[in-house]
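Contents: one structure, followed by commentary.
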2 protein chains.
Amino acid sequence: MGRVKLQIKKIENTTNRQVTYSKRRNGLIKKAYELSILCDIDIALLMFSPSGRLSMFSGNKRIEDVLERYVNLPEHERGRPNTVVSQIEDLQLEVNKFRNKVEELEKKLRIFEGDSLIITSVHQAEYHEHVLEEALNCVRSRKEVLEQQQDLTSNSSTEQIFCHMQNVHSNGFLATSPHHAADWLSQRDTQSDIFNFLDLNGLLPLRSLKLDDI
Amino acid sequence: MGRVKLQIKKIENTTNRQVTYSKRRNGLIKKAYELSILCDIDIALLMFSPSGRLSMFSGNKRIEDVLERYVNLPEHERGRPNTVVSQIEDLQLEVNKFRNKVEELEKKLRIFEGDSLIITSVHQAEYHEHVLEEALNCVRSRKEVLEQQQDLTSNSSTEQIFCHMQNVHSNGFLATSPHHAADWLSQRDTQSDIFNFLDLNGLLPLRSLKLDDI
DNA sequence: GCTACTATCTATAAGCT
DNA sequence: TAGCTTATAGATAGTAG
């Protein structure tokens, strides 16, 4: 629709391409406008000019509303997977995962914080008793060490304490003695295996400490 | 461009509107196609027919890529806030919140599961000792009850146990005695207040049991 | 909802300012 | 770079199937 018939292929002359873009973009927007009024429809038109500038059109609705209507369409009506929606769904799944994790951890904590009613068998009770006794031993040993430190205020060396239940490392330990640290690491893996075994077989009422997180 | 000039206003005749939509939609898509080729640009066109069916066009890029290019534009270039992006950001924040919560709970659990090194003062140690002792008392009382139940296999009544640290209710209790349940609830609020007070003032080394969650 | 026809209206390519 | 002009290609309203 001009003086000559135009081949539909990329216009190589940059200036010409820009001019044609400008003219046809306006024509397209005009047609989109007419369609939206005549037929009373939702429409969204996005164009990026050869130089990257955005032009857009939407009818009575905001362009976001039209895009939202599009992304909320079931996949078979849209004809393609929706990356934005699936990203949101992935995040929602992650939120749910964490929500469950928090619930699980709070349930575990309840045992220690006084609610013994979730124990339903003597066997379970004995296990919890054992775990609590060990933890108590650790805390009492720790208290002794701290009391000694309090008394000997001039002593600046770092004290170490190992619990009966599991040898807990300190960062200080690792920092000052790489060699001992290696010993600890190999030992740690064995301990870790034991705990994982107990845990997987339901012998630990509470999931064993995740050593890797320390 | 037809036998008569058409007023640009909604076509009231439904059939006519549908027909016009169909024709003009094709025309619009053709023009969009030509523009995308001639000027080598990104373009996205979304239309919902009067009956709600989606038609769309995009050039060489997938329509999602064009929409993504749009939503990733800085707000001042887009001219409006981006609801999709902010929804994703909100979810990301929630994930982070939960991640922190999990970390916090795991840290608390560590105390009980043997790692006493996070205790740094005698005062703290005494508090943890006290909490563990109370929990141990609860578990031991619970064990006794369960042992009795094991012995009296013919006894079908539900046994109740209350810990020293906090009176924990059981679902059985609430189910069989609404009146006592009310007593418990009023008592529970007081307990809750005490624990919240202790917790807020740093007197509890571990966040008190969330009673509302029971 | 789609195709075909065709008179008529519209968009626009090229050229000019 | 942006508008204007104009000849012409293209789109489409009305109609029928």
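In what follows, chains are A, B, ... by sequence order, proteins preceding strands, each numbered from 1. Keep in mind it's a predicted model, so treat the numbers as computed, not measured.
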> Could you give the distance from CG (Leu73(A)) to NE2 (His76(A)), rounded to the nearest 0.5 Å?
Replying inline: 8.0 Å
> Quick one: does Arg142(A)'s side chain have a donor or acceptor within less than 3.5 Å of a partner on Ile119(B)'s backbone?
Replying inline: yes
> So, is Lys30(B) near the phosphate of dA11(D), with a side-chain N or O under 4.0 Å from OP1 or OP2?
Replying inline: yes
> Which whole-number value in Å describes the distance from Lys23(A) NZ to dG10(D) P?
Replying inline: 15 Å
> Could you state the CE-P distance from Met1(B) to dG14(D), rounded to the nearest angstrom?
Replying inline: 12 Å
> Between Leu35(A) (CG) and dT10(C) (P), how many Å, whole number?
Replying inline: 16 Å
>> Using the rule given for salt bridge (charged side-chain N to carboxylate O under 4.0 Å, His left out), can you reason through Lys108(B) versus Glu104(B), listing the C-alpha separation, both sets of side-chain angles and the distance that settles it, and then say yes or no?
In response: CA-CA 6 Å; Lys108(B) 282 184 186 175; Glu104(B) 177 195 323; 3.8 Å; yes
> Does any N or O donor sit under 3.5 Å from an N or O acceptor when you compare the side chain of Arg24(A) with the base of dT12(C)?
Replying inline: no
>> In this structure, how many angstroms lie between the P atom of dA11(D) and the OH atom of Tyr33(B), rounded?
In response: 13 Å
> Over how many whole Å does the gap from Asn16(A) atom CG to dA2(D) atom P extend?
Replying inline: 14 Å
>> Can you measure Leu38(A) atom CG to dT10(C) atom P for me and round it to whole angstrom units?
In response: 12 Å
> Can you tell me how far P of dC4(D) sits from CG of Asn26(A), to the nearest Å?
Replying inline: 13 Å
> Using purine N1 to pyrimidine N3 plus N6-O4 or O6-N4 for Watson-Crick, or N1-O2 and O6-N3 for G-U wobble, both under 3.5 Å, which nucleotide pairs with dT1(D)?
Replying inline: none
> From dA13(D), dT12(D), dC2(C), pick the nucleotide closest to the side chain of Leu6(B)?
Replying inline: dA13(D)
> Could you give the CG-to-C1' distance, from Leu28(B) to dT10(C), as a whole number of Å?
Replying inline: 14 Å
>> Whether the side chain of Ser36(B) engages the backbone of Tyr33(B) through a donor-acceptor N/O pair (distance < 3.5 Å, no angle test) should be reported.
In response: yes
>> Go nucleotide by nucleotide along DNA chain D from the 5' end; which of Val4(A) and Gln18(A) gets its closest nucleotide reached first?
In response: Gln18(A)
> Within less than 4.0 Å of OP1 or OP2 of dT1(D), is there a side-chain N or O belonging to Thr15(A)?
Replying inline: no
> Do the side-chain N or O atoms of Lys5(A) get closer than 4.0 angstrom to the phosphate oxygens (OP1, OP2) of dT8(D)?
Replying inline: no
>> Under a 3.5 Å cut-off for both contacts, is dG1(C) paired Watson-Crick or G-U wobble with anything, and if yes, with which nucleotide?
In response: none
> Can you tell me if the side-chain N/O atoms of Thr20(B) get under 4.0 Å from OP1 or OP2 in dT12(D)?
Replying inline: no
> Is any N or O donor-acceptor pair between the side chain of Arg3(B) and the base of dT15(D) shorter than 3.5 Å?
Replying inline: no
> Are the charged groups of Glu68(A) and Lys61(A) less than 4.0 angstrom apart, N to O?
Replying inline: no
